[in-house]
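This report concerns only the one structure given below.
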Amino acid sequence: MENSEKFNEESALKVISAMIEAARSDVRDNHFFYLLWGFLVLGASLLEYCLITFAKYPHHYIGWPVLMGAGMIVSLVYATRKYRRSDSSTYVGGFFKYFFLAWSISLLLLLGFIIPGENQLVQPIILAMYALATFVSGGILRFKPLIWGGIIAWAAAIASFFSPFPVQLLITAATVVIAYIIPGFLLKRRNGNQITVN
Amino acid sequence: MFKELDPVLHSQLRLSIMSLLVGVRSAEFSFLEEKTGATRGNISVQLRKLEEAGYIEITKSFRKNYPLTTCSITKKGIAAFREYADALSDYIRQKPGSE
């Protein structure tokens, strides 16, 4: 990019909006986490549903600790590598770092100490926590599919509260497709069309 | 009568750098290089001009024995950028043919 003699007011406006968008696109590039967690939760929900309904397996919950544990390890490794490679520090990135740390601690506390034994509450609380994370992310990134995903996850949490456990699992599976997987693919496509300015 | 545009900012590369820095807490040299597509030499010259105007702060350090240049916008820089953007929007609003 060289200084041009024809650099006028219109060009200046274009430069400002293109550069602000270019910096923002970096922040939006979190589709990996939505897809990872979307597919892991989808897999764990459907697996448990199948083990309860068809296999009558007593340890039907087995997919959750295995898949969620794998998800945490993959997320930690990916986030650490991404942070090391990152050559800019954004306010939004800083916010997300603290927000998701706090969110994860709260979720672990809820699942580990507050609601064990209350099986009817597990899925509604997980869905309400997904809703919180999805809605806030959508609002900060100004990405409507995530905002709608959050609203749908809240509605799913209410529906889940009044449903039997196997149906709760199907509600969770459907919710992650709408709230995580579809927005994840839309984010990926959007970042693929990232603006470049020369 | 249009407000005069800040000559320090009214340059394609300097304005690009400021537009990038206004949206981030700090950015490394490589980030500016990638996003603007400009040469290292050209970016260095423009960064120096922005620093001399007090619009940005440049921090030099090392990462794994390699020199690392990090830039961030100052309060004065934010104020200048806002004033520049206001002057631009006045111009667009008052331009013949615009609503």
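Chain letters run A, B, ... following the sequence lines, proteins first, then strands; residues in each count from 1.
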- For A/Phe161, the ring-ring contact (aromatic ring centres under 6.0 Å, His included) test, sequence neighbours excluded, returns none
- For the hydrophobic clusters of this structure (ILVMFWY residues joined by side-chain heavy atoms under 4.5 Å, transitively), does one cluster hold both A/Tyr180 and A/Phe99? yes
- Query: If every non-hydrogen atom of A/Glu9 is compared with every non-hydrogen atom of B/His10, which pair is closest and at what distance?
  - Reply: N-CE1, 4.4 Å
- Message: Go through it in stages, so that I can follow the logic: the residues are A/Met19 and B/Ile17, the test is side-chain contact (heavy atoms from CB on, under 4.5 Å), and I'd like the CA-CA distance, side-chain angles, deciding distance and then a yes or no.
- Response: CA-CA 8 Å; A/Met19 285 297 139; B/Ile17 292 168; over 6 Å; no
- Note on the structure: Output for pair (B/Leu5 CG, A/Asn8 CG), nearest 0.5 Å, gives 10.5 Å
- Task: Could you please state which residues from residues 72-85 of chain B sit under 4.5 angstrom from chain A, measuring non-hydrogen atom to non-hydrogen atom, sorted by number, or 'none'?
- Result: B/Phe81, B/Tyr84
- Could you check B/Leu13, B/Thr36, B/Leu15 and say which one makes a side chain to side chain contact (heavy atoms under 4.5 Å, CB included) with A/Val15? B/Leu15
- Item | Distance (rounded to the nearest 0.5 Å) between A/Leu13 CG and B/Tyr91 OH | 10.0 Å
Atom pairs and distances, side-chain donor-acceptor, residues 42-54 of chain A, under 3.5 Å, sequence neighbours left out:
{"residue": "A/Ser45", "atom": "OG", "partner": "A/Val41", "partner atom": "O", "Å": "2.7"}
{"residue": "A/Glu48", "atom": "OE1", "partner": "A/Trp64", "partner atom": "NE1", "Å": "2.6"}
{"residue": "A/Glu48", "atom": "OE2", "partner": "A/His60", "partner atom": "ND1", "Å": "2.8"}
{"residue": "A/Thr53", "atom": "OG1", "partner": "A/Tyr49", "partner atom": "O", "Å": "2.7"}

- Hey, any chance A/Leu127 and A/Trp148 share a hydrophobic cluster, counting ILVMFWY side chains that come within less than 4.5 Å of each other, even indirectly? no
- Message: Count I, L, V, M, F, W, Y as connected when their side-chain heavy atoms are under 4.5 Å apart, and connections chain through other members. Are A/Leu146 and A/Phe185 then in the same cluster?
- Response: yes
- Query: When rounded to the nearest 0.5 angstrom, what is the spacing between CD1 in A/Ile16 and OG in B/Ser19?
  - Reply: 5.0 Å
- Message: Are A/Met72 and A/Leu110 connected into the same hydrophobic cluster when the rule is that any two of I, L, V, M, F, W, Y join if their side-chain heavy atoms are below 4.5 Å apart?
- Response: yes
- Query: What about A/Phe135 and A/Leu186, same hydrophobic cluster or not, with Ile/Leu/Val/Met/Phe/Trp/Tyr joined at side-chain heavy-atom distances under 4.5 Å?
  - Reply: no
Taking only distance into account, with no hydrogens and no angle test, what donor-acceptor pairs under 3.5 Å do side-chain atoms of residues 33-40 of chain A form with protein atoms, sequence neighbours excluded?
{"residue": "A/Tyr34", "atom": "OH", "partner": "A/Ser137", "partner atom": "OG", "Å": "3.3"}
{"residue": "A/Trp37", "atom": "NE1", "partner": "A/Ser75", "partner atom": "OG", "Å": "3.0"}

